[in-house]
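So the structure is just underneath, and the comments pick up after that.
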Amino acid sequence: MVRFAVVVFPGTNCDFETERAIRKAGAEAERVWYRASLKDFDGVVLPGGFSYADYLRAGAIAARQKIMEEVKEFAEEGRPVLGICNGFQILTEAGLLPGALRPNRVPRFLCRWVHLRVNDVETPFTSLYEPGEVIRMPIAHAEGNYYIDDPSKVRIVFQYSDENGNVSEEVNPNGSVLNIAAIANERGNVLGTMPHPERASDRFLGSEDGLRLFKSMVEWARR
């Protein structure tokens with residue numbers, strides 16, 4: 001059975017939910033303290049939270065810890081690397097994904113459900129979605145405003161939309177360029193998402209749309 005490491009930094013607070021979602025998707029998962037090793041794992045997930053209390057910038061200190069060298073090796077080897085919310089911020093700070101996450105357009109913490117349009121189903125994380133499908137996941141961030149000088153240089157995986165899949169400024173919760181909610185690297189094996197799939201992995205939570213992201217990741221790693 002494939003095994004995923006859920007990396008825990010000081011301030012991480014979504015590790016248990018993420019571990020549970022991966023197990024529900026059919027893989028083994030283990031919470032790994034950031035000073036430990038990623039040896040013998042098939043993929044790695046950087047969960048949400050407030051690593052190092054978002055000191056300096058969200059994700060800035062976590063991105064410079066030794067374990068991130070192993071995460072970079074995972075990415076270079078083509079193994080799946082997923083960053084959720086604070087994990088997305090860490091991936092950009094570490095240079096594993098381009099661009100940056102800036103403070104929300106309206107400078108306050110946002111915590112609510114959003115609709116997302118699926119744009120790219122050719123990544124290890126999105127094979128169980130349909131192109132153009134509209135899904136629901138929650139967001140919970142103060143620095144989710146994704147910016148990049150040239151958006152053509154990224155693979156846009158999810159965009160904030162309305163329930164019919166229309167992308168517009170009115171439904172953009174944080175001001176991110178082109179309503180970007182999730183991106184992947186050119187190879188597709190590194191994904192950063194601001195919405196939380198682990199919080200949309202059970203019908204009792206209000207949606208199971210996020211579970212398919214983990215199932216896609218597990219099936220891809222198994223192959």
Side-chain angles (χ1 to χ4, degrees), residues 1-9 12 14-34 36-49 62-63 65 67-92 94-97 116 118-131 133 135 137 154-158 181-202 207-223:
M1 181 174 286
V2 294
R3 300 177 69 228
F4 284 86
V6 180
V7 179
V8 181
F9 296 99
T12 296
C14 297
D15 42 315
F16 286 100
E17 304 100 302
T18 302
E19 179 186 33
R20 181 182 183 278
I22 295 170
R23 291 183 182 277
K24 188 175 181 181
E28 292 184 1
E30 181 179 333
R31 295 164 58 249
V32 177
W33 186 237
Y34 76 107
S37 171
L38 297 179
K39 183 180 178 182
D40 299 326
F41 288 99
D42 301 293
V44 61
V45 180
L46 306 178
Q65 301 306 307
I67 197 169
M68 290 304 297
E69 295 303 318
E70 289 189 77
V71 176
K72 290 178 182 178
E73 291 176 7
F74 269 58
E76 291 169 359
E77 293 168 2
R79 287 187 276 181
V81 175
L82 171 64
I84 303 169
C85 198
N86 187 231
F88 186 3
Q89 294 161 341
I90 294 170
L91 290 177
T92 59
L96 283 167
L97 288 174
L116 305 166
V118 180
N119 285 339
D120 189 340
V121 298
E122 302 298 326
T123 79
F125 310 91
T126 53
S127 62
L128 296 180
Y129 295 104
E130 296 294 329
E133 180 181 358
I135 60 177
M137 292 186 201
V154 298
R155 294 179 64 168
I156 302 174
V157 178
F158 298 146
I183 65 167
N185 64 341
E186 183 176 355
R187 194 172 181 179
N189 67 303
V190 179
L191 178 77
T193 173
M194 288 311 295
H196 286 260
E198 81 282 4
R199 297 181 183 178
S201 60
D202 192 295
S207 172
E208 291 185 296
D209 289 340
L211 184 60
R212 280 183 285 162
L213 187 150
F214 293 108
K215 286 185 174 180
S216 297
M217 179 180 74
V218 169
E219 288 186 12
W220 188 86
R222 191 173 287 137
R223 289 196 297 267

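Any value given below was found using the heavy atoms of this structure, including those in side chains, with hydrogens, waters and symmetry copies removed.
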Flag, side chain of [X] to backbone of [Y], donor-acceptor distance under 3.5 Å:
X	Y	value
S216	L128	yes
R187	E76	yes
N185	V190	yes
T92	Q89	yes
R3	D40	yes
K24	S201	yes

Check [X] against [Y] and note the closest heavy-atom contact, atom names and distance.
X	Y	answer
G188	P124	O-CD, 2.9 Å
D120	T126	O-OG1, 2.7 Å
A5	V32	CB-CG2, 3.8 Å
P80	W220	CD-CZ3, 3.4 Å
V218	A27	CG2-CB, 3.6 Å

Q.
Using the rule given for salt bridge (Lys or Arg N to Asp or Glu O under 4.0 Å), can you reason through E198 versus R20, listing the C-alpha separation, both sets of side-chain angles and the distance that settles it, and then say yes or no?
A. CA-CA 8 Å; E198 81 282 4; R20 181 182 183 278; over 6 Å; no

Value rounded to 0.5 Å, distance of [atom1] in [X] from [atom2] in [Y]:
X	Y	atom1	atom2	value
I84	I90	CD1	CD1	11.0 Å
E19	C14	CD	SG	13.0 Å
F125	T193	CZ	OG1	10.5 Å
Y129	F158	OH	CZ	4.5 Å
F41	E70	CZ	CD	10.0 Å
L97	I183	CG	CD1	4.5 Å

Q) Can you name the one residue among E133, E219, E130 that meets salt bridge (charged side-chain N to carboxylate O under 4.0 Å, His left out) with R212? A)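 Among E133, E219, E130, the one that satisfies the salt bridge (charged side-chain N to carboxylate O under 4.0 Å, His left out) with R212 is E133.
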
(Q) Surrounding CD of E122 (heavy atoms of other residues, nucleotides or ligands, distance under 6.0 Å), is the total greater than 12? (A)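 No - once you tally the heavy atoms of other residues, nucleotides and ligands closer than 6.0 Å, there are 12 at most.
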
(Q) Can you confirm whether more than 12 heavy atoms, excluding those of R155, are under 6.0 Å from its CZ atom? (A)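 Counting neighbours around CZ of R155, more than 12 heavy atoms of other residues, nucleotides or ligands fall under 6.0 Å, so yes.
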
Q: For side chain to side chain contact (heavy atoms under 4.5 Å, CB included), just list the numbers for M217 and L191, CA-CA rounded to whole Å, side-chain angles, deciding distance to a tenth of an Å, and then say yes or no.
A: CA-CA 10 Å; M217 179 180 74; L191 178 77; over 6 Å; no

Q. Taking it one step at a time, do L211 and D202 satisfy side chain to side chain contact (heavy atoms under 4.5 Å, CB included)?
A. CA-CA 7 Å; L211 184 60; D202 192 295; over 6 Å; no

Q. Charged N to carboxylate O below 4.0 Å: is that the case for R23 and E28?
A.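 No, this pair does not count.
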
**Q.** NZ/NE/NH1/NH2 to OD/OE distance under 4.0 Å, R222 and D42
**A.**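 Salt bridge absent between R222 and D42.
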
